[in-house]
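Beneath this line is the structure, given in structure tokens, with notes to follow.
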Amino acid sequence: QVQLVESGGGLVQTGGSLRLSCAASGRTFSSYAMGWFRQAPGKEREFVAAISWSGGSTSYADSVKGRFTISRDNAKKMVYLQVNSLKAEDTAVYYCAAAQAMDVLLGGNEYDYWGQGTQVTVSS
């Protein structure tokens with residue numbers, strides 16, 4: 001069982017940056033692949049970024065490539081999403097997710113555990 005708690009969201013101006021954090025509980029965190037998803041009002045949840053259990057492989061949605069960076073610290077049981085050059089269309093609730101897998105996973109239905117989300121609002 002893994003519990004996930006996101007933090008770090010907030011209100012930021014266009015072009016600004018935030019660092020989203022996801023704290024995980026559970027003894028086997030290092031064996032979980034992790035991902036970030038987001039959901040904007042009136043839209044479906046979408047994939048943002050994912051990282052393998054070791055941190056050696058990552059994947060990003062085309063819309064965030066070059067602006068967002070996912071990382072993890074297995075010793076601290078933390079996953080991070082550094083979000084830079086924010087745009088209005090990045091406004092959404094951002095969710096952290098965990099899957100009992102080694103490789104990068106892109107599909108939301110492949111993840112077993114989800115956090116409650118953290119709101120990111122980008123103002124112009």
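Sequential numbering from 1 along the given sequence is applied to the chain's residues. Computed from heavy atoms alone, side chains included, the values below leave out hydrogens, waters and symmetry copies.
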Query raised in the report: What's in the same ILVMFWY side-chain cluster as Trp53, cut-off under 4.5 Å, chained through other members?
Result: Met102
Requested in this report: Show your working on side-chain contact (heavy atoms from CB on, under 4.5 Å) between Tyr32 and Asn74 and close with a plain yes or no.
Outcome: CA-CA 10 Å; Tyr32 283 79; Asn74 285 343; over 6 Å; no
Report summary line: Heavy-atom closest pair (Val2 atom, Ala24 atom, distance to 0.1 Å) is CG1-CB, 4.3 Å
**Report entry** Gln1 CD to Thr28 OG1 distance, which is reported to the nearest 0.5 Å
**Finding:** 10.5 Å
Report task. Go through the structure and list residues passing side-chain contact (heavy atoms from CB on, under 4.5 Å) with Ser54, not counting sequence neighbours. Result -> Ser52
Requested in this report: State the OG-CE distance between Ser71 and Met78, to the nearest 0.5 angstrom.
Outcome: 9.5 Å
Query - Residue pair Thr118 / Ser7, side-chain heavy-atom distance below 4.5 Å - result: no
Query - Same apolar cluster: Leu81 and Phe47, side chain cutoff 4.5 Å - result: no
Report task. Test Met34 against Leu4 for side-chain contact (heavy atoms from CB on, under 4.5 Å), laying out the working first. Result -> CA-CA 11 Å; Met34 301 296 295; Leu4 305 171; 3.9 Å; yes
Query - All salt bridge (Lys or Arg N to Asp or Glu O under 4.0 Å) counterparts of Arg38, not counting sequence neighbours - result: Glu46, Asp90
Query raised in the report: Can you name the residues that form a side-chain contact (heavy atoms from CB on, under 4.5 Å) with Thr69, not counting sequence neighbours?
Result: Tyr60, Gln82
Requested in this report: State which residues pass side-chain contact (heavy atoms from CB on, under 4.5 Å) with Gln119; sequence neighbours excluded, sorted by chain then number.
Outcome: Thr91, Val93, Thr121
Requested in this report: Run the numbers on Leu106 and Ser59 for side-chain contact (heavy atoms from CB on, under 4.5 Å), then give the verdict.
Outcome: CA-CA 8 Å; Leu106 308 187; Ser59 183; 3.4 Å; yes
Identify every side-chain donor-acceptor pair in residues 10-22 under 3.5 Å, counting partners at least two apart or on other chains, and give the distances.
from, atom 1, to, atom 2, distance (Å)
Thr14, OG1, Ser123, O, 3.0
Ser17, OG, Asn84, OD1, 2.9

Query raised in the report: Can you get from Val120 to Trp36 by hopping between Ile, Leu, Val, Met, Phe, Trp and Tyr side chains that sit under 4.5 Å apart?
Result: yes
**Report entry** Residue pairs fulfilling ring-ring contact (aromatic ring centres under 6.0 Å, His included) with at least one residue in residues 100-124, sequence neighbours excluded
**Finding:** Phe37-Tyr111, Phe37-Trp114
Query raised in the report: Which residues satisfy the side-chain contact (heavy atoms from CB on, under 4.5 Å) test with Ser25, sequence neighbours excluded?
Result: Gln3
Query raised in the report: Taking only residues two or more places apart in sequence or in another chain, which ones pass side chain to side chain donor-acceptor pair (under 3.5 Å) with Asp62?
Result: Lys65
Report summary line: Here the ring-ring contact (aromatic ring centres under 6.0 Å, His included) pairs for residues 78-103, sequence neighbours left out, are none
Requested in this report: Examine Leu86 and Val64 and state if one hydrophobic cluster contains both, with Ile, Leu, Val, Met, Phe, Trp and Tyr joined whenever side-chain heavy atoms are less than 4.5 Å apart.
Outcome: yes
Query raised in the report: Got a donor-acceptor contact below 3.5 angstrom from the Gln100 side chain to the Ser31 backbone?
Result: no
Query raised in the report: salt bridge (Lys or Arg N to Asp or Glu O under 4.0 Å): which pairs involve residues 101-118, sequence neighbours left out?
Result: none
Report summary line: Quick note, disulfide (SG to SG under 2.5 Å) partners involving residues 35-74, not counting sequence neighbours, are none
Query - Heavy-atom closest contact (Ala40 atom, Ala92 atom, distance) - result: N-CB, 3.8 Å
Query raised in the report: Can you check side-chain contact (heavy atoms from CB on, under 4.5 Å) on Lys87 and Arg67, steps first, answer last?
Result: CA-CA 10 Å; Lys87 306 175 182 179; Arg67 300 189 298 122; 3.8 Å; yes
